Every structure is written in C-alpha cells, then in structure tokens.
Amino acid sequence: MHFRTKAIHVGNEPDATGAVVPPIYLAATYAQPGAGERGAFDYSRSGNPTRKAFETTLAAVESGCGALAFSSGMAAVHCVTMLLKTGDHILAGRDLYGGSFRLFHKIADRAGIDVTLVPTEDLDAVRAAIRPNTRLLWIESPGNPLLTITDIAACAEIAHRHGALLAVDNTFATPVLTRPLELGADISMHSVTKYIGGHSDVLGGALIVRDEELFRQLYFVQNATGAVMAPLESYLSGRGLKTLELRIRAQCQTAETVAAFLASHPRVRRVLYPGLPIHPGHEIAKNQMSGGFGAMISFELDADYDGAKRVVETTRIIRLAVSLGAVESLIEQPASMSHASYDPEVRRANGISDGLIRLSVGLEHPDDLLEDLDRALRLA
C-alpha cells in the first residue's frame with residue numbers, strides 16, 4: 001500500500017460494531033480472564049487500545065517492526081538515553097533541537113554519560129569523534145535550526161561499524177519525506193506535537209524501531225518509567241497521520257516559494273533551506289528526501305539580536321510561537337526562544353546567530369505569507 005493508504009487504514013480496522021473510526025478507550029484498567037492470566041490489555045500505562053492503534057499505523061508508515069507513543073517528544077528522547085549506562089558516550093549533531101541539547105548536557109550527564117557535538121553533515125568529523133565507548137549516534141536531518149542535511153545511510157554504516165545505535169530525529173522531514181529505518185537507522189524519533197499532530201492541539205512523541213529486541217528494551221523502559229501517550233492524544237495523533245501526506249506536500253510547495261522570495265530580499269543575508277540548489281546539503285537531500293524538501297526555513301537577517309526580534313514580533317498572519325509543523329505558520333527567534341537553553345557563547349559557536357529566524361510554513365495561501373513577511377522585514 002502507498003503511504004496515505006496505510007495512514008488511513010492500517011491500525012484503523014473496524015471493530016465489532018463496524019465503526020470506521022475506532023473509539024477512544026479511556027479505561028485505566030481492564031478485567032482479566034483469571035488470576036495470573038493476562039489479557040491483551042491489563043493497565044493503561046502498559047498498553048491502551050487507542051494508543052496501540054496509533055502505534056500500529058506509525059510503525060507501518062515508518063517501515064518499523066513496532067512503535068511506542070510517549071507523552072512528549074522529550075519523553076521519547078529520554079527513553080533512548082536510558083538504554084545507556086555510566087561511562088557510555090553519546091555523539092550528537094551540532095545542529096540540535098534545544099530540548100535535546102538540554103537533556104543530553106544537563107540530565108544524561110548526571111548519570112556519567114559523556115556527550116560530544118559535531119557537525120554530522122561532515123562525515124569525517126563523525127568518524128574522528130566516535131569513540132570505543134560510543135553507544136549512540138544521534139542526528140537530525142534536516143537539523144534544527146540550521147537545516148543542515150546529514151547522510152543517514154552513511155551515519156548508519158559508521159555507527160554500526162563501531163557498535164553504536166543510530167537514532168534519527170525525523171520530526172522535520174516526517175515519514176512522508178524520509179524514512180530513516182529504510183536507510184539503516186535503528187530508531188526514528190518524532191515530536192508528534194509537530195507535523196504528525198499537525199494542528200497545534202496535541203503533545204506527544206514517538207519512537208519507531210526496526211529490530212524486535214531493541215523494541216522490547218525500549219518498551220521495558222517506557223513501561224517502567226510511565227511517560228506514555230494518553231488516549232485522547234493518541235486519537236488526535238492517529239487522526240493527524242491520515243492527512244499528513246497531503247499537508248506535507250502542500251506545505252513543501254509553499255515553502256519553496258517562500259524560500260525563493262527570502263533569498264531575493266534585500267534585508268536577508270542568507271536562507272537556509274535544503275530545497276535551494278545553493279544549500280550545501282541539497283544533493284543529499286534530493287536523494288534522501290522523497291518528493292519535497294520540508295516546510296521549515298531558517299534565514300539570517302542583516303541585523304543584530306534586537307533587529308531579528310523586531311521582525312518576528314511584527315508579522316501579523318504568521319504567529320510568533322515556538323513549535324512548528326502545524327496548519328498555521330509560526331515564526332520565532334532561536335536565540336531567544338527555541339534554543340535559549342544554550343549558553344550564548346555555545347549557541348554562537350554552534351552557528352545560531354542573533355539574527356537567525358526560524359519559520360514553519362503552514363497551509364495559508366502563499367501570497368498572504370509573502371505579503372506578511374515583506375511587510376515585517378520592511379517595517380521592523
């Protein structure tokens with residue numbers, strides 16, 4: 001089956017009532033067939049029919065053997081780090097979501113887990129930084145917020161040659177454009193809050209894996225720690241998956257138009273969008289992303305911190321907010337918002353300048369977005 005057919009039907013088979021939309025199961029516990037005998041579900045932390053339906057659909061569209069749905073994207077990332085132990089090493093991309101940066105450097109390090117950041121788009125840098133005790137290579141492609149493109153298949157080969165797992169934060173690309181497990185990754189992670197939910201009304205995360213033993217290990221951690229997705233969020237996330245491909249395709253088309261506009265604007269110093277031929281990762285993106293280059297755009301102004309701040313505060317249609325991937329376009333300044341957890345010197349060293357702006361392109365008419373951006377750039 002094609003992607004959109006899987007997204008609509010797999011995991012959403014009619015139940016005994018014939019309902020084409022499975023019900024939301026709010027039950028916290030389930031009657032068992034006998035003492036010491038376990039039915040399909042026993043306690044909702046361990047498993048819930050609505051969550052299971054969403055996980056089944058997600059595993060199908062990501063080509064995984066199984067999926068786990070979490071209460072947030074960071075809960076999913078945290079679950080992966082709990083596979084590690086004191087003395088292990090995480091090698092992660094320098095172009096990294098601020099929440100992951102904070103978790104790696106201020107939570108995982110408490111357990112004696114070392115973390116190194118490198119530009120993973122530079123495979124030589126990855127090879128040079130990997131250690132005998134590296135157990136996890138964590139990458140984003142496209143990266144957040146610099147939209148760097150990392151060769152997933154090449155990183156999988158490097159990680160596996162050194163006995164490490166490769167995990168890919170696939171939030172920006174979504175399984176519509178990139179399926180990391182098909183490229184050799186062990187884990188594909190999503191902030192479901194973003195494109196999969198798609199409407200800024202659900203908080204969630206997910207892990208999809210291709211190996212059954214790894215799935216069992218991650219499920220054990222999830223069940224033991226309890227950060228599971230609730231039934232209503234599971235329903236909303238499954239509903240979001242059904243329209244994901246149509247939304248992504250439309251948003252990618254608009255993003256290409258917006259990126260070209262920004263690239264020609266006199267107030268914009270440079271545009272970071274993998275769909276532009278001048279992007280250093282364009283050729284890899286063409287091979288790794290199917291049918292589009294995503295709907296995230298970052299651009300640098302010929303302005304300082306306050307100048308970029310004025311621009312993001314001046315748009316009218318495009319909302320000033322963290323998060324991304326929804327039907328409404330969102331704009332933010334990473335230095336003061338999504339990546340404010342970075343020490344300023346570390347942030348600048350990792351390429352996140354004060355004049356950087358991140359734009360999540362939604363489903364509005366392209367002309368309205370261009371007019372709103374032009375007005376903000378001229379007036380701010």
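All figures in this text were calculated on a predicted structure; none of them were measured in a lab. Heavy atoms only: backbone and side chains are in, while hydrogens, waters and symmetry mates are out.
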Going by heavy atoms in the side chains, are [X] and [Y] under 4.5 Å from each other?
X	Y	value
T193	S323	yes
D374	E371	no
T174	I196	no
T56	K52	yes
F172	L177	no
Y195	V176	no
N48	V228	no
D124	R127	yes

Item to complete: Test side chain to side chain contact (heavy atoms under 4.5 Å, CB included) on L214 and L165 and set out the steps.
Response: CA-CA 10 Å; L214 180 58; L165 296 172; 4.1 Å; yes
More than 12 heavy atoms of other residues, nucleotides or ligands under 6.0 Å from [atom1] of [X]: is that the case?
X	atom1	result
E212	CD	no
R161	CZ	yes
R45	CZ	yes

Smallest separation among heavy atoms of [X] and [Y], with atom names:
X	Y	answer
S336	Q333	OG-OE1, 2.8 Å
A255	G294	CB-O, 3.6 Å
T29	D42	OG1-O, 3.2 Å
T50	P231	CG2-O, 3.5 Å
H339	P145	NE2-CD, 3.3 Å
Q251	V361	NE2-O, 3.0 Å

Rounded at 0.5 Å granularity, tell me how far [atom1] in [X] sits from [atom2] in [Y].
X	Y	atom1	atom2	value
I130	L91	CD1	CG	6.0 Å
R375	T315	CZ	OG1	8.5 Å
M82	I107	CE	CD1	11.0 Å
T134	H162	OG1	NE2	8.0 Å
R131	H89	CZ	NE2	3.5 Å
L377	D302	CG	CG	11.5 Å

Donor-acceptor pair, [X] side chain versus [Y] backbone, under 3.5 Å?
X	Y	result
S141	T150	yes
H105	F101	yes
R247	G240	yes
T81	H78	yes
D88	R135	no
S237	S234	no
H9	M1	no
T57	V10	yes
E300	R270	no
H199	D201	no

Does [X] belong to the same Ile/Leu/Val/Met/Phe/Trp/Tyr cluster as [Y], with side-chain heavy atoms less than 4.5 Å apart forming each link?
X	Y	value
L356	Y305	no
M289	I248	yes
V115	V77	yes
I357	L373	yes
Y97	V322	no

Practice prompt. Would you please test L370 and T257 for side chain to side chain contact (heavy atoms under 4.5 Å, CB included) and show each step?
Written response: CA-CA 9 Å; L370 298 184; T257 301; 4.1 Å; yes
Item to complete: Decide side chain to side chain contact (heavy atoms under 4.5 Å, CB included) for V209 and D211; before the verdict, give the C-alpha distance in whole Å, the side-chain angles of both, and the deciding distance to 0.1 Å.
Response: CA-CA 6 Å; V209 300; D211 177 75; 5.7 Å; no
Quick test of your reading of the model: are [X] and [Y] salt-bridged, counting only N-O distances below 4.0 Å?
X	Y	answer
E245	R249	yes
K309	D306	no
E213	R216	yes

Worksheet entry | Inter- and intrachain pairs under ring pair (Phe, Tyr, Trp, His ring centres under 6.0 Å), touching residues 19-47, at least two apart |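 Output for this query lists Y30-F41.
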Discussion item. In terms of relative ring orientation, are Y219 and F215 parallel, tilted or perpendicular, with 30° and 60° separating the classes?
Written reply: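 Aromatic pair Y219/F215 classed parallel.
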Item to complete: Take the angle between the ring planes of F293 and Y273 and call it parallel below 30°, perpendicular above 60°, tilted in between.
Response: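 Because their plane-to-plane angle is over 60°, the rings of F293 and Y273 count as perpendicular.
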For residues 59-67, which side-chain N or O atoms pair as donor and acceptor with protein atoms under 3.5 Å away, sequence neighbours left out?
residue	atom	partner	partner atom	Å
E62	OE2	N170	ND2	3.3
E62	OE2	S188	OG	2.8
E62	OE2	H190	NE2	2.5
S63	OG	E182	OE2	2.5

Practice prompt. Could you walk me through whether E283 and K286 pass salt bridge (Lys or Arg N to Asp or Glu O under 4.0 Å), step by step?
Written response: CA-CA 5 Å; E283 291 302 317; K286 281 173 62 177; 3.7 Å; yes
Fill in: Candidate pair S46 and N223, rule side chain to side chain donor-acceptor pair (under 3.5 Å), full reasoning
CA-CA 6 Å; S46 302; N223 187 44; 2.8 Å; yes
Discussion item. Under the criterion side chain to side chain contact (heavy atoms under 4.5 Å, CB included), I'd like the reasoning laid out for L83 against L218: C-alpha separation, chi angles, the key distance, then a yes or no.
Written reply: CA-CA 8 Å; L83 294 175; L218 289 167; 3.6 Å; yes
